[in-house]
Amino acid sequence: PPTTPKSKPLSEPTIEEVAKGITDGTFKKIIVMTGAGISVAAGIPDFRTPGTGLYYNLQKYDLPFPEAVFEIRYFQQRPEPFYALAKEMWPSNYKPTITHHFIRLLEEKGVLLRNYTQNIDTLERQAGISPELLVEAHGSFGTTRCIKCKREVDQEWLREKVFRDEIPKCSDCEGLIKPDITFFGENLPERFHTLTHPDFQQCDLLFVIGTSLEVYPFASLVDRPKSDVPRVLINMEEVGPFESTKKDDCRDVKVLGDCQASVRELAKLLHWESELDELVHQG
Ligand code: CNA
């Protein structure tokens, strides 16, 4: 028998249509992929934004190339630049942003399947996103260990060393101590590998927020949802596959500009604004 073509989840590639789909229950298994751009409003610089990004301010460390500061082999030879940077980035007085709270709200509404974040600042945890719904794909400052014997070390001890400009070494084996953030040349956490396949099979809507999609394998997740699943980019600039979206494409939605303003706008369309404000107020 002839089959009627399945209607597309979005009739137009607009944020209004996305909001409609969340409201009417079309989208209830939402994955949110995030990057450094969502924490800029908290006062933490991203990597690549010209002028303000960390990569552009690394000259003082005299690195052979900017990424070297996060390369495990370079770190083993010359750890000082990383510790100097860690001191600058240390997550202590930063507060979650509207975007973090919005992701938490998606969880409260029961529609968040998972938040895959590249950020290491632990602001997702601070915003109250449940650990089960969170994949910190590049690790975090939350735990600390020796890179040689893998012994876990007290984070406060590391903080004190870093702030006194001392090189923290393991008392057992003399190995360097570093936060469990994933360096280039290190494996991503096990959780990333075990969850991506089942998650992206089920996902019915993907948000991509505040990331340049330059770092792999994280960036490749954007191609993992099924081909009819809408993808929404909320970012300062077009990135990854969103750079080549065709006009009549009803799959990919682009909301360019500051993500905090865009997310607030989306919350308004969803009639969630006062709940979002409440979360922001609670900090
Ligand atoms: P990136 O490469 O610096 O890209 C950031 C993206 O966000 C760019 O496309 C920017 O245009 C965009 N952006 C910046 N500000 C805003 C804003 N206000 N609204 C919307 N978009 C904005 O950072 P990625 O996360 O893509 O790179 C991956 C690296 C960065 C990961 O390994 C992280 O660990 C690492 N990083 C993390 C933090 C953090 O934890 N806060 C900070 C800096 C770097």
Side-chain angles (χ1 to χ4, degrees), residues 15 32-58 61 65-72 75 81-82 84-103 115-127 129 134-143 178-189 192 207-222 232-243 253-267:
I15 197 68
V32 185
M33 288 171 62
T34 47
I38 74 162
S39 292
V40 169
I44 308 171
D46 67 2
F47 267 3
R48 292 180 182 80
T49 293
T52 56
L54 289 169
Y55 276 172
Y56 293 85
N57 293 303
L58 289 171
Y61 302 126
F65 51 95
E67 285 86 351
V69 71
F70 291 119
E71 285 220 331
I72 194 69
F75 173 73
F82 168 73
L85 194 69
K87 191 173 161 183
E88 278 179 48
M89 282 192 67
W90 201 275
S92 45
N93 299 318
Y94 300 115
K95 278 192 160 172
T97 69
I98 292 174
T99 304
H100 295 94
H101 291 300
F102 179 77
I103 301 168
N115 177 198
Y116 284 81
T117 185
Q118 295 167 97
N119 294 348
I120 51 178
D121 55 31
T122 66
L123 290 182
E124 297 84 4
R125 300 184 197 187
Q126 274 192 54
I129 298 165
L134 187 61
V135 175
E136 291 171 323
H138 295 162
S140 86
F141 270 89
T143 52
K178 84 169 184 47
D180 281 337
I181 59 179
T182 312
F183 276 27
F184 295 115
E186 288 188 307
N187 281 329
L188 270 61
F192 176 89
F207 281 110
V208 179
I209 317 181
T211 171
S212 62
L213 292 180
E214 292 275 348
V215 179
Y216 285 79
F218 188 92
S220 64
L221 295 182
V222 76
V232 185
L233 175 73
I234 302 181
N235 207 47
M236 213 55 115
E237 51 179 355
E238 293 182 357
V239 293
F242 296 93
E243 285 183 86
V253 180
K254 290 184 274 198
V255 186
L256 300 181
D258 174 26
C259 61
Q260 311 302 343
S262 307
V263 161
R264 179 168 282 286
E265 207 45 50
L266 174 56

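Quick note: numbers below take in every heavy atom, side chains included, and nothing from hydrogens, waters or symmetry partners. All ligand and atom numbering here is 1-based and tracks the order in the structure.
T99 and C259 make their closest contact through OG1-SG, 3.8 Å (heavy atoms, listed as atom of the first residue, atom of the second, distance). Residues E214 and Y216 approach most closely at O-CD1, 3.6 Å, considering heavy atoms.
Among residue pairs with one or both ends in residues 118-127, those qualifying as salt bridge (charged side-chain N to carboxylate O under 4.0 Å, His left out) are R125-E136; sequence neighbours excluded.
With no hydrogens or angles considered, no side-chain donor-acceptor pair links Q118 and T34 at under 3.5 Å.
With F141 as the aromatic partner, K178 does not meet the cation-pi criteria of under 6.0 angstrom to the ring centre and within 45 degrees of the ring axis.
Closer than 4.0 angstrom to ligand 1 by heavy atom are G35, A36, G37, S39, V40, I44, P45, D46, F47, R48, T49, L54, M89, Q118, N119, I120, D121, H138, G210, T211, S212, V215, N235, M236, E237, G257, D258, C259, sorted by chain and number.
Inter-residue side-chain proximity for N115 and V135 is flagged as unmet; no heavy-atom pair is nearer than 4.5 Å.
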